[in-house]
Amino acid sequence: MSGNYESVYQSALQDPEGYWARAAEDIHWYKKWDRVLDDTDAPYYRWYTGGEVNTCYNAVDLHVEHGRGDQAAIIYDSPITGTGRTLTYAELLEETALFAGVLAGNDIGRGDRVIIYMPMVPEALIAMLACARIGAIHSVVFGGFASNELAVRIDDCTPKAIVSASCGIEPGRVVEYKPLLDGAIGMASHKPAQCIVLQRPECEADLVAGRDQDWHDAMSVATPVDCVPVAATDPLYILYTSGTTGQPKGVVRDNGGHIVALKWTMKNIYGTGPGDVYWAASDVGWVVGHSYIVYAPLFNGSTTVLYEGKPVGTPDPGAFWRVISEHGVKVLFTAPTAFRAIKKEDPNGEYLKKYDLSQFECLYLAGERTDPDTLHWAEDKLNVPVIDHWWQTETGWSIAANCRGIEMLAIKEGSPSKPVPGWDLDVLGDDGGPVTPGDIGTLVVKLPLPPGSFPTLWNARERFFDAYLSQFDGYYNTSDAGMIDDEGYVYVMSRTDDIINVAGHRLSTGAIEEVLADHADVAECAVTGVQDALKGQAPLGFLVLNAGCDRPSEEITAEVVQMVRDRIGPVAAFKQAVVVRRLPKTRSGKILRGVMRKIADGEDWQMPATIDDPEVLDEITEALSSIGYPAP
Ligand code: COA
Ligand code: AMP
């Protein structure tokens with residue numbers, strides 16, 4: 001399908017059904033669809049209704065049948081444990097079929113939910129694929145979340161089983177998963193019948209008799225099971241992502257559209273084919289991990305690298321270059337923050353000189369805007385194209401990208417290039433009308449969204465509509481502000497809601513505020529994302545204490561920091577809060593978080609006309625300066 005970007009884009013725009021019907025010929029169907037695009041329940045659109053597929057079959061079995069059984073499917077590289085392992089497609093098939101047998105033996109079948117709470121080990125991928133094999137719906141929860149977050153997800157998707165591991169490993173510490181898992185099940189109203197636990201040598205977990213099974217014991221007595229055909233529209237997974245409150249949104253992904261779209265992206269966006277080594281340095285707990293560590297490379301018959309380590313410190317800033325050269329990685333996908341971490345420790349790229357990167361062709365960055373410094377450093381040091389691309393958990397693949405497999409466009413600094421074929425992108429003003437090219441507004445996508453994007457939220461059809469479709473009639477609201485220039489290049493500026501992006505991780509400031517508000521001495525609070533040289537943004541809390549509270553501020557701020565770590569998890573990276581006398585508000589009582597952020601970042605700001613009491617901002621400026629903001 002390579003050719004000219006403009007003509008491919010136009011053909012997907014003019015005839016989406018024809019375009020995506022042709023793309024769907026590239027995957028295996030047990031039964032072809034009755035309708036390519038089903039609009040009978042618009043604005044809830046469905047792709048390939050009537051079709052029957054199996055995601056695991058397309059990811060694994062098909063390649064073994066086509067002679068790729070001996071090719072590496074997964075290269076597990078774990079500098080944090082000093083181990084590694086390569087699974088061929090044939091081995092992956094054997095283990096996946098067996099674990100599917102474990103699940104089936106526990107009475108888990110089509111439509112049942114299974115939570116996967118695991119570190120970056122091959123068994124996490126095997127568990128995901130095994131669910132897909134039997135039509136069960138997996139929901140992977142990132143290991144950096146605390147019990148409470150896991151409990152919320154257990155209650156929302158009511159899993160029959162949880163697959164977990166005894167521990168994850170972070171630099172300098174072993175994160176015991178089992179106490180977090182037991183704590184979550186204790187807190188949740190819904191109780192899963194089984195937990196299957198992978199014991200890792202770094203820490204053995206105690207198993208609860210009658211509920212917990214050892215992964216290896218269960219595998220040793222299981223019988224392999226085959227793929228079952230499921231409806232193209234059946235959910236493959238639920239992935240929770242931050243919403244504007246503490247209640248996360250369960251993004252649903254279907255089977256048919258997901259296989260078609262992701263396989264298409266491997267060729268057309270990333271320019272990779274079967275047998276190529278593709279590495280997404282992310283985590284299976286995030287959408288990048290779902291799409292580009294697990295599913296897309298496997299649909300494509302490529303080899304995926306599963307890296308359990310960090311860009312720096314495992315053991316040094318040459319870690320990424322070692323992996324690329326050792327495994328012959330052709331395309332790397334990661335977040336700009338990883339490159340900022342490497343650049344900070346090895347500004348001159350000395351570690352690069354130790355490795356042969358001759359097979360490396362292209363670097364893709366996403367998760368946050370690629371800042372010009374990082375872009376130029378990576379371009380200079382790696383001497384390959386560095387492509388920023390923009391997407392969201394909801395979309396599952398990129399809305400805007402330089403589609404290397406179609407036509408490599410000129411790279412413009414600060415832009416993730418142009419809309420990808422399938423995405424009818426627009427910029428609308430607050431009044432719902434179009435803005436002049438080059439003006440900033442809300443980035444919206446004209447419905448229907450292409451295959452592979454989310455059809456709904458789990459058990460929350462109305463929330464789906466309210467959160468994404470209600471603001472601009474006929475459009476999906478990305479909640480990103482941005483613009484499109486006169487050459488059609490997209491620029492993504494900031495979120496229009498309270499989501500912040502910390503080290504490529506998406507966090508809700510509203511959820512952090514809910515935790516702070518629970519502290520006995522806190523009367524009122526606000527959280528905003530301030531600039532952070534490494535992580536892009538970092539959350540900063542503002543606390544107003546109850547009248548009469550005379551405890552030292554440092555004690556209270558330390559307590560709220562610990563509360564966020566305990567309730568949301570270390571991933572929230574909430575390290576700093578400041579006590580203030582009052583919060584700045586409008587006359588109608590809305591907290592002026594944006595102004596506080598600008599003061600903290602040292603940006604120009606204007607006194608809002610609607611402010612209740614302008615003097616509060618002097619107090620905020622003073623309080624921020626007492627903790628070192630704006631940063632020098
Ligand atoms: N399990 C348990 N804890 C975890 C975890 C996991 N899977 N992942 C992260 N954490 C912990 C970290 O150890 C850290 O804990 P600490 O406060 O005790 O130091 C905390 O959560 C914050 O993690 P993070 O924000 O990732 O910061 P970091 O300092 O550990 O690492 C980077 C910073 C930039 C090196 C790292 O974020 C990174 O490699 N990011 C790029 C790739 C990526 O993950 N992108 C995501 C989407 S593409
Ligand atoms: P997540 O759902 O975790 O993938 O986060 C999605 C959000 O991250 C988007 O809505 C953007 O705000 C931000 N984001 C992701 N990729 C980019 C990018 N390339 N440029 C700017 N922002 C991005």
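Just follow the structure's listing: the first ligand is 1, and inside any ligand the first atom is 1.
At a cut-off of 3.5 Å, with distance as the only test, a side-chain donor of Tyr468 or Lys249 sits close to an acceptor on the other residue. There is a side-chain donor-acceptor pair under 3.5 Å between Thr314 and Tyr307. A donor atom on one side chain and an acceptor atom on the other are not found under 3.5 Å apart for Gln247 and Tyr240. There is no side-chain donor-acceptor pair under 3.5 Å between Ser415 and Ser417. No hydrogens or angles considered: a donor-acceptor pair under 3.5 Å links the side chains of Tyr270 and His389.
The atoms of ligand 2 that sit less than 4.0 Å from any heavy atom of His389 are 16 (N), 18 (C), 19 (N). Counting atoms of ligand 2 from 1 in the listed order, those under 4.0 Å from a heavy atom of Val492 are 21 (C), 22 (N).
Judged by distance alone, with hydrogens and angles left aside, the side-chain atoms of Asn501 form a donor-acceptor pair with the main-chain N or O of Gly367 at under 3.5 Å.
Of all protein heavy atoms, the one lying nearest to atom 21 (C) of ligand 2 is Arg369 N, 3.2 Å. The nearest heavy-atom contact from the protein to atom 3 (O) of ligand 2 is Arg506 CB, 3.3 Å. The closest protein non-hydrogen atom to atom 18 (C) of ligand 2 is Glu368 O, 3.4 Å.
If you look at Trp391 next to ligand 2, the close heavy atoms, those under 4.0 Å, all belong to the backbone. Residue contacts with ligand 2, taken as heavy atom pairs separated by less than 4.0 Å, do not involve Thr370 at all. With a 4.0 Å cut-off on non-hydrogen atoms, Thr393 touches ligand 2 through its backbone as well as its side chain. Of the heavy atoms in Arg495, only side-chain atoms (C-beta onward) come closer than 4.0 Å to ligand 2.
A side-chain hydrogen bond (donor to acceptor under 3.5 Å, both in side chains) with Thr241 is found for exactly one of Glu394, Gln392, Arg506, namely Arg506.
The shortest N or O to N or O distance between Asn501 and ligand 2 is below 3.5 Å. Considering backbone and side-chain N/O of Gln392, one or more are found under 3.5 Å from N/O of ligand 2. Looking at Thr478 next to ligand 2, no N or O pair under 3.5 Å apart turns up. The shortest N or O to N or O distance between Gly367 and ligand 2 is below 3.5 Å.
Partners of Asp532 under the salt bridge (charged side-chain N to carboxylate O under 4.0 Å, His left out) rule, at least two apart in sequence or in another chain, do not exist in this structure.
Under a cut-off of 6.0 angstrom, the local environment of CG in Asp206 is sparse, with at most 12 non-hydrogen atoms contributed by other residues, nucleotides or ligands. Heavy atoms from other residues, nucleotides or ligands lying under 6.0 Å from CG of Asp380 number more than 12.
Considering only heavy atoms from C-beta on, Cys403 comes within 4.5 Å of Val420 through its side chain. Tyr476 places a side-chain heavy atom less than 4.5 Å from the side chain of Thr395.
In this comparison of Leu365, Val251, Leu239, Asp480, the heavy atom closest to atom 12 (O) of ligand 2 sits on Asp480.
Expressed to the nearest 0.5 Å, how far SG of Cys157 lies from CD1 of Ile115 amounts to 4.0 Å.
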I'd like the atom pairs linking ligand 1 to the protein - N or O on both sides, separation under 3.5 Å - with distances to 0.1 Å.
residue: ligand 1; atom: 1 (N); partner: Gly143; partner atom: O; Å: 3.4
residue: ligand 1; atom: 1 (N); partner: Gly144; partner atom: N; Å: 3.4
residue: ligand 1; atom: 10 (N); partner: Glu170; partner atom: OE1; Å: 3.3
residue: ligand 1; atom: 13 (O); partner: Glu170; partner atom: OE1; Å: 2.6
residue: ligand 1; atom: 13 (O); partner: Arg173; partner atom: NH2; Å: 2.8
residue: ligand 1; atom: 15 (O); partner: Arg173; partner atom: NH2; Å: 3.1
residue: ligand 1; atom: 17 (O); partner: Arg565; partner atom: NH1; Å: 3.0
residue: ligand 1; atom: 17 (O); partner: Lys575; partner atom: NZ; Å: 2.6
residue: ligand 1; atom: 18 (O); partner: Arg173; partner atom: NH2; Å: 3.4
residue: ligand 1; atom: 18 (O); partner: Arg565; partner atom: NH1; Å: 3.4
residue: ligand 1; atom: 18 (O); partner: Arg565; partner atom: NH2; Å: 2.8
residue: ligand 1; atom: 21 (O); partner: Pro570; partner atom: O; Å: 3.4
residue: ligand 1; atom: 25 (O); partner: Lys535; partner atom: NZ; Å: 3.0
residue: ligand 1; atom: 26 (O); partner: His505; partner atom: NE2; Å: 3.3
residue: ligand 1; atom: 27 (O); partner: Lys535; partner atom: NZ; Å: 2.9

